[in-house]
Amino acid sequence: MPNIKSAKKRVLVSQAKAAQNKAARSALKTDIKKFEAAVAEGNRSEADIAYKVAVKAVDKAAAKGLLHRNNAANKKGKMTLKLSKLA
């Protein structure tokens, strides 16, 4: 445990940020899994809605720095391909 006041604050701030990042990452994974489930069912209308939600979540995660922009683009591209194969 740090002795310096600023180092103590840094520990607390980093713990809070880590919790926020973990929650955001979990929400992102949930949105992607909902899309995957809709595609697996073969339900086009449900998949369209889940796709829009998932793409928005991926974009937000990339903007926040949770995902690298290339990784976000990769995820969105794969989801788009899966959605187009449903047609």
Side-chain angles (χ1 to χ4, degrees):
M1 193 66 190
N3 293 324
I4 299 167
K5 189 175 182 180
S6 63
K8 289 178 184 177
K9 182 179 178 183
R10 208 31 43 219
V11 168
L12 294 175
V13 169
S14 66
Q15 285 175 346
K17 284 289 186 185
Q20 287 174 353
N21 286 339
K22 188 173 184 177
R25 204 172 292 119
S26 176
L28 171 67
K29 287 181 183 179
T30 301
D31 289 337
I32 292 172
K33 283 180 186 176
K34 284 180 183 176
F35 169 74
E36 298 286 343
V39 169
E41 284 180 17
N43 189 346
R44 178 64 191 220
S45 61
E46 194 176 305
D48 280 333
I49 295 167
Y51 172 77
K52 289 178 184 175
V53 172
V55 166
K56 188 173 183 179
V58 168
D59 284 336
K60 279 187 177 181
K64 288 181 182 178
L66 292 175
L67 293 177
H68 191 276
R69 61 191 172 125
N70 290 349
N71 185 271
N74 192 10
K75 286 185 188 306
K76 291 192 309 186
K78 286 180 179 178
M79 285 191 290
T80 304
L81 283 175
K82 287 180 183 178
L83 186 66
S84 64
K85 285 182 181 177
L86 269 183

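Through side-chain heavy atoms spaced under 4.5 Å, either directly or across other Ile, Leu, Val, Met, Phe, Trp or Tyr residues, Val11 is tied to no other residue.
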Tell me which donor-acceptor pairs under 3.5 Å the side chains of residues 71-79 have, and how far apart each pair is, sequence neighbours excluded?
| from | atom 1 | to | atom 2 | distance (Å) |
| --- | --- | --- | --- | --- |
| Lys76 | NZ | Asp59 | OD1 | 2.7 |

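Closest approach of Pro2 and Ala7 over heavy atoms only: CB-CB, 3.5 Å.
Here ring-ring contact (aromatic ring centres under 6.0 Å, His included) pairs that include residues 25-60, with residues two or more places apart or in two chains, are Phe35-Tyr51. Sequence neighbours left out, not one pair with a member in residues 1-10 passes salt bridge (charged side-chain N to carboxylate O under 4.0 Å, His left out). Applying the ring-ring contact (aromatic ring centres under 6.0 Å, His included) test to every pair with at least one member in residues 57-87, sequence neighbours left out, gives no pairs at all. Applying the salt bridge (charged side-chain N to carboxylate O under 4.0 Å, His left out) test to every pair with at least one member in residues 21-41, sequence neighbours left out, gives these pairs: Glu36-Lys82.
Atoms CG and NZ, on Asn21 and Lys64 in that order, are 8.5 Å from each other to the nearest 0.5 Å.
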For this session: Go through the steps to decide whether Asp48 and Lys52 satisfy the test salt bridge (Lys or Arg N to Asp or Glu O under 4.0 Å), and finish with yes or no.
Result: CA-CA 6 Å; Asp48 280 333; Lys52 289 178 184 175; over 6 Å; no
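The side-chain heavy atoms of Ile32 and Val58, taken from C-beta on, include a pair separated by under 4.5 Å.
Atom CD1 of Ile4 has 12 or fewer heavy atoms from other residues, nucleotides or ligands within 6.0 Å.
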